[in-house]
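Numbered from 1 within each chain, the chains take letters A, B, ... in sequence-line order. Predicted model only: the values in this text are computed from it and were never measured.
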Number of protein chains: 2
Amino acid sequence: MLNHKRPTIDDVARLAGLSTATVSRFINGSAVVSAERAAKIKAAIQELHYTPHLAAQMLASNKTRAIGLLLPTISGAFFAPVLRGVETRAIEKGYSLLVHSTQAQAQNAAGKGTFKKILAEHNTDGLLIFAASVDATELSRLHSIGFPVVLLHQASPKEFSLPAITVENKNGVRALIDHLIEDHQRRRIVQLRGPENHDDTYWRDLGYRQSLEAHGIPYEADLIETGGFNTEQARQAMRRILTRGIHFDAVFAGDDESASGAMMALREAGWRIPQDAAVVGFDDLNLAEHLTPPLTTVHSPIEQVASEAVELLVKQIGGEAVPAETLLPTYLVRRNSCGCS
Amino acid sequence: MLNHKRPTIDDVARLAGLSTATVSRFINGSAVVSAERAAKIKAAIQELHYTPHLAAQMLASNKTRAIGLLLPTISGAFFAPVLRGVETRAIEKGYSLLVHSTQAQAQNAAGKGTFKKILAEHNTDGLLIFAASVDATELSRLHSIGFPVVLLHQASPKEFSLPAITVENKNGVRALIDHLIEDHQRRRIVQLRGPENHDDTYWRDLGYRQSLEAHGIPYEADLIETGGFNTEQARQAMRRILTRGIHFDAVFAGDDESASGAMMALREAGWRIPQDAAVVGFDDLNLAEHLTPPLTTVHSPIEQVASEAVELLVKQIGGEAVPAETLLPTYLVRRNSCGCS
DNA sequence: CTGTATGATGTAAACGCTTACAGTAAGCGC
DNA sequence: GCGCTTACTGTAAGCGTTTACATCATACAG
């Protein structure tokens, strides 16, 4: 395929009149090399356009200098910040990034287990696992072989402990619903829940319940639907709610993308936001600010979760201990969709 | 780090009472192995939980089974479909995906050239290069060594030919502006241009000019600003336009994200869309439909470009010839922001 | 029965690097 | 001058695969 046979470390060593060991040490900075020879090596590398063969480095050093990111699916506005956070920090730490969406794989005939072959042990030094992308069995296996792993937006299984990082879902939602109740006198608040296999769903629901309870408002099953953290699903969920003909004066959409869907459904039905119903989300994605009216939501440091996760992973790879659970703070962002001005 | 020393192909061979060559052939299906021994090998692999060491395979076979995706930056709603398209098709083809944002790298002290080390020749079998992520020198080098490359949303340099794939920018914009002029009688149409180093910018501008010209409308520099294919930049660009106090009755925002920013600026200034000014975008991202009013735009098959690009790359890797230029069709999507109902 | 394909398997040499180990030269205290 | 560090540098043995080549049955034509 390639025209030129690529230069190897031997070529560089020969041209510089030195041994491969010295060249290797210079390249990796793994030992001091005299200035004079360093210059020669540098020149030789330049001249030959030499780049180390990573596979060879991996094989010899038994390190891949790569981390894997496992996602359930790549879609929605949510994953851009995740990816950006992971990528930036990974590069910074000198790792390259292998991305794998487990959903694409599941649809594929090659099918389940593929990701193991592609990402697992041999190919990465560690794995970043996003909520709902890997099943418990596999997690358990990874844990049992002591493979470095960090869970994102997902709690560690009870049976064993894997470091997990996510945001303050419960308190964030608590503040959000409190605001709706206390500052805008809303009492019948629809909740569009996220996917059932998602930990964020659980905690957000808990925050919702706690806020209601604190204000003496009963939890009503009629006001609950599944929005799936997804615009289209949320839109349909909202339509179902509307069909029920029940009274409500606010909607907590689960996340911002769902809020967008909920708004559409409401508007289709002629509702005014926030007069007829306040709508609030969670995440504070870029789009939140651009909705009409601008969305009141909870700011979630998604990108920071991602880069912090890389940090934790790299620490683990280096053999350091890391906290079992990391929770990044969230805070309420008041815009207009709740009735604030 | 890992508890168990992992089994090698030798272990498998020993357990099965065969040679490593036979095991290797069985694993890769690179030659026929008698049914009897195949069974033995399979059993041995199972028993040992053997998985091939990819670095070793790469080194020995000189293939990585990985492709690299180079992006200028990972942000905005635009990259999610790109990534999804690439990822899905890559897996399908049996390749893993290395993602690298060249901007993150540029900011990094380690600095320029890093990506070469991480992604280039040795680590991937081919590269997908998104507009503006790699400079001409590097492209030229890749071309000169015959390394498989596909350019996305970027034309091939004139000096040499690299396969490129993008969408019908010019005709798409042409249809869009024609619509504004012919169906909505707009004649003073602001254009928010994309980044200057971006080919899409050039072609979209050309479509804009051609449409004006065809309708006998002069091209006015006053109506042009740089939106940078970016919400915030576009918002500010729009504000500058408003400050000029010039008359206009429509805005072609360059892309959908810019359209969102333009809408915000217009609304801030008390303009009604589309009555006071029509606003149109390009791409037809998810968000287009969710803006208020829903955005008239040009549908661009972003995900398809991405997956087609993988297809082209894999063909090249396999030694097949591929077309120098691929243009995927776009079409006008009329929603309300232009005045349609 | 010999000669020759044919098919399945084994042997061992790469692949390009890292790194343990073994020098070697220079500096220093005495 | 001697021995002991200190500071580099070189030699060569892996790392776990693939694969060209050799080998060895077996089958089949003549």
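Per the geometry, OH belonging to B:Tyr50 stands 10 Å off P belonging to D:dG16, to the nearest Å. Rounded to whole Å, the distance from CG on A:Leu18 to P on D:dA7 is 20 Å. Here C:dC15 presents its C1' atom at 15 Å from CD1 of B:Ile9, a figure rounded to the nearest Å. Rounded to an integer number of Å, the gap from A:Asp11 CG to C:dC15 P is 11 Å. Rounded to whole Å, the distance from CG on A:Asp10 to C1' on C:dT18 is 12 Å. Spacing between atom CZ of B:Arg6 and atom P of D:dG16 amounts to 9 Å, rounded to whole angstrom units. Atom CD1 of B:Ile41 and atom P of C:dA8 are 13 Å apart (whole Å). Between B:Arg65 atom CZ and D:dT17 atom P the separation is 17 Å, expressed in whole Å.
For the pair A:Thr124 (side chain) and A:Leu127 (backbone), a donor-acceptor distance under 3.5 Å is absent.
The aromatic rings of A:Phe160 and A:His143 sit parallel to each other, their planes meeting at less than 30°, with 60° as the upper class boundary.
Checking C:dA12, C:dT19, C:dC17 against the side-chain heavy atoms of B:Ala21 singles out C:dA12 as nearest. Ranking C:dT18, D:dT18, D:dT17 by closeness to the B:Ser24 side chain, first place goes to D:dT18. Which of D:dT17, D:dC8, C:dT18 sits closest to the side chain of B:Thr8 comes down to D:dT17.
Phosphate proximity of C:dT9 to B:Thr22: absent, as no side-chain N or O sits under 4.0 Å from OP1 or OP2. B:Asn62 has no side-chain polar atom (N or O) that falls below the 4.0 Å cut-off from OP1 or OP2 of D:dT18.
Residue-level contact check: B:Asn28 touches the backbone only, with heavy atoms under 4.0 Å from sugar-phosphate atoms and none from bases. Residue B:Phe26 is out of contact with every strand shown, counting any heavy-atom pair closer than 4.0 Å. Residue A:Ser30 is out of contact with every strand shown, counting any heavy-atom pair closer than 4.0 Å.
On a pure distance criterion of 3.5 Å, a polar donor-acceptor pair joins the side chain of A:Arg25 and the base of D:dG10.
For the 3.5 Å distance criterion, the side chains of A:Thr137 and A:Ser140 fail to qualify, holding no donor opposite an acceptor. Judged by distance alone, the side chains of B:Thr64 and B:Asp125 do bring a donor and an acceptor atom under 3.5 Å apart.
When the shell of 6.0 Å around CG of A:Asp11 is examined, it contains more than 12 heavy atoms from other residues, nucleotides or ligands.
Within residues 33-40 of chain B, the residues approaching DNA chain C are B:Val33, B:Ser34, B:Arg37, by heavy-atom distance under 4.0 Å.
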>> For A:Thr166 and A:Gln154: C-alpha separation, side-chain torsions, deciding distance, then whether side chain to side chain contact (heavy atoms under 4.5 Å, CB included) applies.
In response: CA-CA 7 Å; A:Thr166 185; A:Gln154 177 177 203; over 6 Å; no
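Annotation: of the two residues near DNA chain C, B:Ser19 and B:Ser61, the 5′-most nearest-nucleotide partner is B:Ser19.
Ion pairing of A:Arg89 with A:Glu92 is present here, as a side-chain N (NZ or NE/NH1/NH2) and a carboxylate O approach within less than 4.0 Å.
Two residues are said to be in side-chain contact when any heavy atoms from C-beta on lie closer than 4.5 Å; A:Leu313 and A:Tyr95 fail this criterion.
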